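Treat the numbers as computed from the prediction; the structure is a model and nothing was measured.
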Amino acid sequence: MNAPHAAEGAPPERAARARWRERLARVLREVDARPDAAHSLATLAALAHSSPCHFHRQFSAWCGLPLARYVQLSRLRRAVLQLLHRPRLRVLDVALGSGYESGEAFARAVRRELGLSPSALRREPLRLAACAGWAALERQLNDAEHATMNDSLFQIDAVRRVHLPDIPVALRVHRGPPAQLAASLGDFIAWRRERRLSPERAATYNLLYDDPEAVAPQDFRFGLAVAYDGAVEPNPQGLQAAVIPGGPHAVLRVVGPDAMLERALRWMYGHWLPASGCELVDRPAWLQRLTLFPDVPAQQGELLLHLPLAG
């Protein structure tokens with residue numbers, strides 16, 4: 001992400017809060033990048049330049065859940081997504097790579113938190129979309145990630161203005177509550193897998209049709225797209241041929257977990273756009289995923305956010 005500048009010229013209290021958020025963000029990045037590490041309280045407290053006897057309370061106060069619980073849920077999130085989306089990985093490899101001592105320990109954690117077994121999840125991935133435990137897990141992790149984001153993450157001069165060609169894609173439009181997006185994502189991944197369109201071979205895009213806070217859950221739409229220049233035959237996953245229109249765009253590189261995307265969108269609309277003198281056209285914002293979780297740690301996710309501009 002672009003380097004924070006909240007401390008420059010900011011009131012002392014705001015600058016101090018910004019520094020503390022960055023210390024916490026270092027802890028989250030360490031946990032996320034090394035799920036198989038022991039992550040002792042002393043080691044993580046040292047990353048935050050804090051005393052171990054106080055750090056667990058500081059972390060809970062800021063992030064809304066205990067440090068040990070964050071480590072536990074972060075490991076589980078990554079393991080579950082690898083289980084679903086990386087079918088070549090054995091369950092044991094997923095477990096050990098995510099910090100579990102054995103496949104049995106991983107299975108117990110999945111059953112405790114989600115009420116399902118790893119084999120049931122891999123066999124019926126759509127069950128995850130209806131799982132209250134998964135929704136609670138994602139909510140807690142997203143809240144913790146939001147808490148560590150500085151108030152000034154982006155800079156006006158980090159936005160590039162570019163002129164893009166049309167991009168032909170195969171598109172799956174999710175319609176319905178955001179909590180059910182996992183089912184649509186499963187369809188999208190299955191279609192890609194059948195055609196061997198891995199992220200390395202074909203670019204991945206998302207179309208941001210609706211703000212989930214501005215529409216009823218049943219009316220929410222979110223586009224899942226992959227670069228594809230050809231006819232899309234009728235398919236059970238519901239993908240269709242489409243085009244992301246080209247033309248002038250404002251582009252911002254965003255690095256971090258998906259929780260960062262909403263912060264970047266609000267900054268683009270609320271800060272960059274009024275200062276730019278640009279006008280938008282009536283098409284949705286969209287993004288290109290440069291790296292994908294769980295292939296990389298969530299804190300290292302990278303995307304290009306695009307706002308379509310009037311010519």
Side-chain angles (χ1 to χ4, degrees), residues 1-2 85 153-175 181 184-185 187-212 220-235 237-256 258 260-293 295-296 300-311:
M1 76 190 73
N2 302 292
H85 303 320
L153 291 169
F154 309 108
Q155 304 172 59
I156 295 292
D157 59 5
V159 179
R160 297 182 294 117
R161 301 187 201 185
V162 300
H163 196 285
L164 300 174
D166 290 348
I167 303 172
V169 296
L171 173 66
R172 167 70 155 90
V173 179
H174 167 80
R175 292 180 172 85
L181 183 58
S184 298
L185 182 59
D187 287 339
F188 177 68
I189 291 173
W191 188 92
R192 291 184 69 157
R193 190 173 293 151
E194 289 173 3
R195 290 152 186 82
R196 298 183 180 178
L197 295 174
S198 67
E200 293 78 19
R201 297 182 59 189
T204 302
Y205 305 95
N206 292 143
L207 281 71
L208 310 178
Y209 295 106
D210 298 307
D211 180 346
F220 175 71
R221 298 168 301 159
F222 185 86
L224 302 157
V226 55
Y228 192 76
D229 190 3
V232 178
E233 301 297 329
N235 57 88
Q237 294 90 2
L239 277 81
Q240 298 181 337
V243 171
I244 299 176
H249 285 77
V251 184
L252 176 67
R253 177 177 173 268
V254 181
V255 178
D258 265 7
M260 185 71 73
L261 176 58
E262 185 60 34
R263 187 67 63 94
L265 278 167
R266 294 187 183 279
W267 180 84
M268 286 283 279
Y269 285 116
H271 294 273
W272 177 82
L273 188 61
S276 70
C278 294
E279 297 291 339
L280 302 178
V281 295
D282 190 19
R283 295 198 302 268
W286 56 277
L287 56 92
Q288 179 182 354
R289 301 273 184 181
L290 301 181
T291 59
L292 295 166
F293 177 70
D295 291 336
V296 300
Q300 296 175 20
E302 184 176 357
L303 60 85
L304 295 176
L305 174 60
H306 296 73
L307 293 187
L309 303 176

Derivation of the side-chain contact (heavy atoms from CB on, under 4.5 Å) call for Leu280 and Leu309:
CA-CA 4 Å; Leu280 302 178; Leu309 303 176; 3.7 Å; yes
Leu304 CG to Leu290 CG distance, which is reported to the nearest 0.5 Å:
4.0 Å
Among pairs that include at least one residue of residues 223-232, which meet side-chain hydrogen bond (donor to acceptor under 3.5 Å, both in side chains), considering only residues two or more places apart or in two chains?
none
Results of side-chain contact (heavy atoms from CB on, under 4.5 Å) for Glu262 - residues two or more places apart only:
Leu265, Arg266
Student check: side-chain heavy atoms of Pro212 and Phe222 closer than 4.5 Å
no
For Asp258, all residues meeting salt bridge (Lys or Arg N to Asp or Glu O under 4.0 Å), sequence neighbours excluded:
Arg289
Rounded to the nearest 0.5 Å, how far apart are NE2 of His85 and CZ of Phe293?
9.5 Å
Please report the interatomic distance CZ(Arg161) to SG(Cys278), rounded to the nearest 0.5 Å.
3.5 Å
To the nearest 0.5 Å, what is the distance between CG on Leu303 and CZ on Arg253?
9.5 Å
Using the side-chain contact (heavy atoms from CB on, under 4.5 Å) criterion, which residues pair with Arg221? Sequence neighbours excluded.
Val173, Arg175, Tyr209, Asp210
Residues Ala170 and Leu239: closest non-hydrogen pair is CB-CD2, 3.9 Å
Let me confirm one number: the CD1-CG distance from Ile244 to Asp166, rounded to the nearest 0.5 Å.
10.0 Å
side-chain contact (heavy atoms from CB on, under 4.5 Å) against Thr291, all qualifying residues, sequence neighbours excluded:
Val296, Glu302
Separation of Leu287 CG from Leu307 CG (nearest 0.5 Å)
10.5 Å
Closest heavy-atom contact between Ala285 and Pro308?
CA-CD, 4.1 Å
In chain order, what residues pass the ring-ring contact (aromatic ring centres under 6.0 Å, His included) check against Trp286, with sequence neighbours excluded?
Tyr205, His249, His306
For His271 and Pro274, the nearest pair of non-hydrogen atoms, with its separation, is O-CD, 3.5 Å
Can you name the residues that form a side-chain contact (heavy atoms from CB on, under 4.5 Å) with Asp295, not counting sequence neighbours?
Arg86, Leu292
Could you give me the CA-CA distance, side-chain angles and deciding distance for Leu171 and Val232, then say whether side-chain contact (heavy atoms from CB on, under 4.5 Å) is met?
CA-CA 9 Å; Leu171 173 66; Val232 178; over 6 Å; no
Please name the pair of heavy atoms, one in Gly230 and one in Ala241, separated by the smallest distance, quoted to 0.1 Å.
O-CB, 4.4 Å
Going by heavy atoms in the side chains, are Leu224 and Ser184 under 4.5 Å from each other?
yes
Of all the heavy-atom pairs spanning Ala250 and Trp272, show the shortest one and how long it is.
CB-CH2, 3.4 Å
Pair listing, salt bridge (charged side-chain N to carboxylate O under 4.0 Å, His left out) test, anchored in residues 187-201, at least two apart
Arg172-Asp187
Heavy-atom closest pair, residues Val281 and Ala310:
CG1-CA, 3.4 Å
